[in-house]
Amino acid sequence: MIREIHILRDDAAARYSSVLADATGALLTRSYEEATEVLSPIAGEVWMGSLALHGKTAEGVTVRTSRSVPDRIRAQVFLRDGFLCSYCHGRTIPRNVLVALSDVFPDALGYHLHYKRGALHPVYWALAPEADHTLAHANGGSSEIENLTTMHARCNTMKSSLAVESLPEVAAAARTTSGSWDGLLSRYADIVIAGNSHGRRHAAPDYHLRWLRDYGLLEDRARVLTAAAGRT
Ligand SMILES: [Zn+2]
(Lines give C-alpha, C1' and ligand atoms only; values in the text may rest on other atoms or scores of the structure.)
Protein backbone atom coordinates (compact mmCIF):
# COMPACT_ATOMS: atom_id res chain seq x y z
CA MET A 1 0.00 0.00 0.00
CA ILE A 2 1.26 3.45 -0.95
CA ARG A 3 0.83 6.38 1.42
CA GLU A 4 1.60 9.83 0.09
CA ILE A 5 3.44 12.07 2.56
CA HIS A 6 3.29 15.81 1.87
CA ILE A 7 4.58 17.21 5.16
CA LEU A 8 7.11 15.70 7.56
CA ARG A 9 6.36 15.58 11.26
CA ASP A 10 8.67 17.61 13.50
CA ASP A 11 10.02 14.37 14.97
CA ALA A 12 10.54 12.74 11.56
CA ALA A 13 14.32 12.24 11.90
CA ALA A 14 14.03 10.69 15.36
CA ARG A 15 11.07 8.52 14.43
CA TYR A 16 12.36 7.24 11.09
CA SER A 17 15.87 6.58 12.42
CA SER A 18 14.58 4.59 15.36
CA VAL A 19 12.23 2.49 13.19
CA LEU A 20 15.06 1.78 10.73
CA ALA A 21 17.50 0.93 13.54
CA ASP A 22 14.97 -1.45 15.09
CA ALA A 23 14.13 -3.03 11.73
CA THR A 24 17.83 -3.50 10.98
CA GLY A 25 18.32 -5.16 14.35
CA ALA A 26 15.38 -7.48 13.67
CA LEU A 27 16.71 -8.31 10.19
CA LEU A 28 20.20 -9.18 11.38
CA THR A 29 19.38 -10.97 14.63
CA ARG A 30 15.91 -12.42 14.08
CA SER A 31 14.20 -12.75 10.71
CA TYR A 32 13.16 -10.95 7.55
CA GLU A 33 9.51 -11.39 8.53
CA GLU A 34 10.04 -9.74 11.93
CA ALA A 35 11.94 -6.88 10.31
CA THR A 36 9.05 -6.34 7.90
CA GLU A 37 6.68 -6.20 10.85
CA VAL A 38 8.85 -3.58 12.60
CA LEU A 39 8.89 -1.51 9.40
CA SER A 40 5.13 -1.67 8.90
CA PRO A 41 4.29 1.72 10.54
CA ILE A 42 6.29 3.52 7.84
CA ALA A 43 6.11 0.97 5.01
CA GLY A 44 4.99 2.17 1.61
CA GLU A 45 5.24 5.89 2.34
CA VAL A 46 6.27 8.06 -0.62
CA TRP A 47 7.52 11.63 -0.32
CA MET A 48 5.52 14.18 -2.33
CA GLY A 49 7.19 17.35 -1.06
CA SER A 50 10.27 19.21 -2.22
CA LEU A 51 13.48 17.39 -3.08
CA ALA A 52 17.06 18.44 -3.63
CA LEU A 53 19.97 16.21 -4.51
CA HIS A 54 23.59 17.19 -4.94
CA GLY A 55 25.37 16.50 -8.17
CA LYS A 56 22.76 14.64 -10.18
CA THR A 57 20.63 15.77 -13.08
CA ALA A 58 17.29 14.17 -13.78
CA GLU A 59 13.65 14.92 -14.06
CA GLY A 60 12.02 16.10 -10.86
CA VAL A 61 15.32 16.88 -9.17
CA THR A 62 16.43 20.30 -7.99
CA VAL A 63 20.08 20.48 -8.89
CA ARG A 64 22.27 22.51 -6.59
CA THR A 65 24.90 24.61 -8.21
CA SER A 66 27.57 24.45 -5.50
CA ARG A 67 30.69 22.44 -6.27
CA SER A 68 30.13 18.81 -5.41
CA VAL A 69 32.21 17.24 -2.66
CA PRO A 70 34.00 13.93 -3.33
CA ASP A 71 32.36 10.93 -1.65
CA ARG A 72 35.49 10.12 0.37
CA ILE A 73 35.48 13.64 1.87
CA ARG A 74 31.75 13.46 2.59
CA ALA A 75 32.31 10.17 4.42
CA GLN A 76 35.00 11.80 6.59
CA VAL A 77 32.72 14.73 7.41
CA PHE A 78 29.86 12.43 8.46
CA LEU A 79 32.20 10.30 10.60
CA ARG A 80 33.71 13.35 12.30
CA ASP A 81 30.26 14.75 13.09
CA GLY A 82 28.96 11.46 14.48
CA PHE A 83 26.23 11.29 11.82
CA LEU A 84 24.36 14.12 13.54
CA CYS A 85 22.93 17.10 11.69
CA SER A 86 24.60 20.37 12.60
CA TYR A 87 21.37 22.27 11.99
CA CYS A 88 18.72 20.33 13.93
CA HIS A 89 21.14 18.07 15.88
CA GLY A 90 19.05 15.09 14.79
CA ARG A 91 20.27 11.70 13.62
CA THR A 92 21.21 11.13 10.01
CA ILE A 93 21.58 7.91 8.01
CA PRO A 94 23.78 8.18 4.91
CA ARG A 95 22.06 7.69 1.58
CA ASN A 96 24.19 4.64 0.78
CA VAL A 97 22.91 2.88 3.93
CA LEU A 98 19.32 3.86 3.09
CA VAL A 99 19.79 2.44 -0.43
CA ALA A 100 21.05 -0.82 1.09
CA LEU A 101 17.87 -0.94 3.20
CA SER A 102 15.76 -0.23 0.10
CA ASP A 103 17.56 -3.12 -1.61
CA VAL A 104 16.35 -5.39 1.20
CA PHE A 105 12.84 -3.89 1.47
CA PRO A 106 12.09 -2.50 -2.02
CA ASP A 107 8.34 -2.18 -1.50
CA ALA A 108 8.37 -0.81 2.05
CA LEU A 109 11.21 1.68 1.44
CA GLY A 110 10.89 2.97 -2.10
CA TYR A 111 13.98 4.33 -3.81
CA HIS A 112 14.56 5.90 -7.18
CA LEU A 113 18.01 6.60 -8.58
CA HIS A 114 17.04 10.07 -9.75
CA TYR A 115 14.80 10.93 -6.81
CA LYS A 116 11.67 10.79 -8.93
CA ARG A 117 8.82 12.39 -7.04
CA GLY A 118 6.33 9.82 -5.79
CA ALA A 119 8.86 6.97 -5.97
CA LEU A 120 11.04 7.82 -2.99
CA HIS A 121 10.42 7.03 0.65
CA PRO A 122 10.50 10.15 2.88
CA VAL A 123 13.44 8.71 4.85
CA TYR A 124 15.66 9.96 2.02
CA TRP A 125 14.48 13.49 2.65
CA ALA A 126 14.27 13.27 6.44
CA LEU A 127 17.50 11.36 7.18
CA ALA A 128 20.09 11.49 4.38
CA PRO A 129 22.87 13.99 5.12
CA GLU A 130 24.79 16.28 2.83
CA ALA A 131 28.24 17.73 3.41
CA ASP A 132 27.26 21.39 3.59
CA HIS A 133 29.67 24.28 3.15
CA THR A 134 29.75 26.27 6.42
CA LEU A 135 31.02 29.28 4.50
CA ALA A 136 29.22 29.09 1.17
CA HIS A 137 31.32 28.19 -1.82
CA ALA A 138 29.91 31.24 -3.59
CA ASN A 139 31.33 33.41 -0.78
CA GLY A 140 34.83 31.95 -1.02
CA GLY A 141 34.32 28.92 1.26
CA SER A 142 36.51 25.94 0.36
CA SER A 143 35.61 22.26 -0.03
CA GLU A 144 38.17 21.32 2.63
CA ILE A 145 36.85 19.14 5.43
CA GLU A 146 37.20 22.03 7.92
CA ASN A 147 34.64 24.05 5.97
CA LEU A 148 32.15 21.20 5.65
CA THR A 149 29.49 20.10 8.07
CA THR A 150 26.93 17.30 8.20
CA MET A 151 23.41 18.45 7.46
CA HIS A 152 20.15 16.77 6.48
CA ALA A 153 19.22 17.55 2.88
CA ARG A 154 15.98 18.88 4.30
CA CYS A 155 17.72 21.12 6.86
CA ASN A 156 20.17 22.31 4.23
CA THR A 157 17.23 23.63 2.25
CA MET A 158 15.72 25.36 5.30
CA LYS A 159 19.11 26.83 6.20
CA SER A 160 19.35 28.53 2.83
CA SER A 161 16.81 31.09 3.97
CA LEU A 162 18.84 32.06 7.07
CA ALA A 163 21.48 34.73 7.47
CA VAL A 164 25.00 33.36 7.11
CA GLU A 165 26.22 34.88 10.39
CA SER A 166 23.82 32.75 12.44
CA LEU A 167 25.38 29.49 11.25
CA PRO A 168 28.88 29.03 12.70
CA GLU A 169 27.54 28.85 16.25
CA VAL A 170 25.12 26.06 15.34
CA ALA A 171 27.84 24.09 13.60
CA ALA A 172 30.26 24.47 16.50
CA ALA A 173 27.67 23.22 18.99
CA ALA A 174 27.01 20.10 16.94
CA ARG A 175 30.70 19.20 16.81
CA THR A 176 30.87 18.97 20.60
CA THR A 177 28.04 16.44 20.64
CA SER A 178 29.11 12.90 21.24
CA GLY A 179 27.01 9.79 21.31
CA SER A 180 26.64 6.24 20.19
CA TRP A 181 24.80 6.96 16.96
CA ASP A 182 26.74 5.80 13.91
CA GLY A 183 24.20 6.22 11.11
CA LEU A 184 23.85 2.39 11.05
CA LEU A 185 27.30 2.26 9.45
CA SER A 186 28.42 -0.63 11.67
CA ARG A 187 25.59 -2.71 10.18
CA TYR A 188 25.98 -1.47 6.61
CA ALA A 189 27.88 -4.51 5.30
CA ASP A 190 25.41 -6.94 6.83
CA ILE A 191 22.50 -5.03 5.30
CA VAL A 192 24.22 -5.20 1.89
CA ILE A 193 24.75 -8.95 2.30
CA ALA A 194 21.09 -9.38 3.27
CA GLY A 195 20.08 -7.34 0.21
CA ASN A 196 22.18 -9.51 -2.06
CA SER A 197 20.46 -12.65 -0.82
CA HIS A 198 16.81 -11.58 -0.97
CA GLY A 199 16.54 -8.07 -2.25
CA ARG A 200 16.31 -5.97 -5.38
CA ARG A 201 19.42 -4.09 -6.42
CA HIS A 202 18.84 -0.36 -7.01
CA ALA A 203 22.33 0.88 -7.70
CA ALA A 204 25.37 -0.07 -9.76
CA PRO A 205 26.95 -3.39 -8.69
CA ASP A 206 29.96 -1.65 -7.13
CA TYR A 207 28.00 1.16 -5.46
CA HIS A 208 28.08 -0.28 -1.94
CA LEU A 209 31.64 -1.56 -2.35
CA ARG A 210 32.80 1.95 -3.22
CA TRP A 211 31.08 3.42 -0.18
CA LEU A 212 32.52 0.75 2.11
CA ARG A 213 35.96 1.74 0.80
CA ASP A 214 35.24 5.46 1.16
CA TYR A 215 34.27 4.92 4.81
CA GLY A 216 37.46 2.93 5.34
CA LEU A 217 35.51 -0.26 6.12
CA LEU A 218 37.89 -2.55 4.27
CA GLU A 219 37.24 -5.67 6.36
CA ASP A 220 33.50 -5.22 5.91
CA ARG A 221 34.09 -4.72 2.19
CA ALA A 222 36.02 -7.98 2.01
CA ARG A 223 33.21 -9.73 3.87
CA VAL A 224 30.64 -8.49 1.32
CA LEU A 225 32.84 -9.73 -1.54
CA THR A 226 33.29 -13.13 0.13
CA ALA A 227 29.55 -13.47 0.69
CA ALA A 228 28.87 -12.54 -2.95
CA ALA A 229 31.45 -15.08 -4.18
CA GLY A 230 29.80 -17.76 -2.07
CA ARG A 231 26.55 -17.26 -3.94
CA THR A 232 27.91 -17.83 -7.42
ZN1 LIG B 1 18.78 18.31 10.40
Side-chain angles (χ1 to χ4, degrees), residues 5-24 42 45-56 61-66 68-69 71 73-102 109 111 115 117 120-137 141 143 145-185 188 211 215:
I5 305 294
H6 294 264
I7 298 171
L8 290 183
R9 297 157 42 147
D10 287 344
D11 66 347
R15 176 167 174 264
Y16 284 135
S17 64
S18 91
V19 171
L20 292 184
D22 290 349
T24 300
I42 66 167
E45 293 183 2
V46 291
W47 177 233
M48 301 300 289
S50 63
L51 282 171
L53 175 64
H54 282 272
K56 295 273 195 298
V61 174
T62 304
V63 179
R64 299 177 59 87
T65 53
S66 64
S68 64
V69 177
D71 288 346
I73 301 293
R74 292 163 67 201
Q76 286 178 40
V77 171
F78 302 157
L79 284 166
R80 180 202 61 199
D81 294 344
F83 297 92
L84 297 175
C85 174
S86 65
Y87 183 79
C88 73
H89 303 253
R91 292 170 167 184
T92 74
I93 298 178
R95 189 161 66 226
N96 55 289
V97 177
L98 294 174
V99 172
L101 285 166
S102 289
L109 300 172
Y111 175 68
Y115 273 38
R117 192 181 309 280
L120 195 73
H121 195 282
V123 291
Y124 285 90
W125 187 237
L127 292 176
E130 300 288 356
D132 180 66
H133 290 79
T134 303
L135 177 62
H137 193 259
S143 289
I145 188 166
E146 294 76 16
N147 189 46
L148 295 168
T149 187
T150 302
M151 200 175 288
H152 290 122
R154 171 199 189 198
C155 290
N156 200 353
T157 300
M158 289 193 280
K159 186 208 88 169
S160 302
S161 59
L162 285 187
V164 164
E165 50 269 29
S166 68
L167 289 171
E169 194 180 347
V170 175
R175 281 173 199 183
T176 63
T177 307
S178 63
S180 57
W181 183 246
D182 73 347
L184 301 183
L185 199 66
Y188 180 36
W211 273 109
Y215 276 106

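As the structure lists them, so they are numbered: ligands from 1, and atoms in each ligand from 1. Counting begins at 1 with the first residue of the sequence. Just so you know, these numbers come straight off a predicted model, no measurement behind them.
Partners of Pro129 by side-chain contact (heavy atoms from CB on, under 4.5 Å), not counting sequence neighbours, listed by chain and number: Phe78, Thr92, Thr150. The salt bridge (Lys or Arg N to Asp or Glu O under 4.0 Å) test applied to Asp22 returns no partner, not counting sequence neighbours. Every residue two or more places apart in sequence or in another chain that forms a side-chain hydrogen bond (donor to acceptor under 3.5 Å, both in side chains) with Ser102 is listed here: Tyr124.
Side-chain N or O atoms of His152 include none that pairs as donor or acceptor with a backbone N or O of Tyr87 at under 3.5 Å. Judged purely by atom type and a 3.5 angstrom limit, Arg154 has no side-chain atom pairing as donor or acceptor with the backbone of Ala13.
A tilted orientation is assigned to the rings of Phe83 and Tyr215, their planes being inclined by 30° to 60°.
Protein atoms that are N, O or S and lie under 2.8 Å from the Zn ion (ligand 1) are these: Cys85 SG, Cys88 SG, His152 ND1, Cys155 SG.
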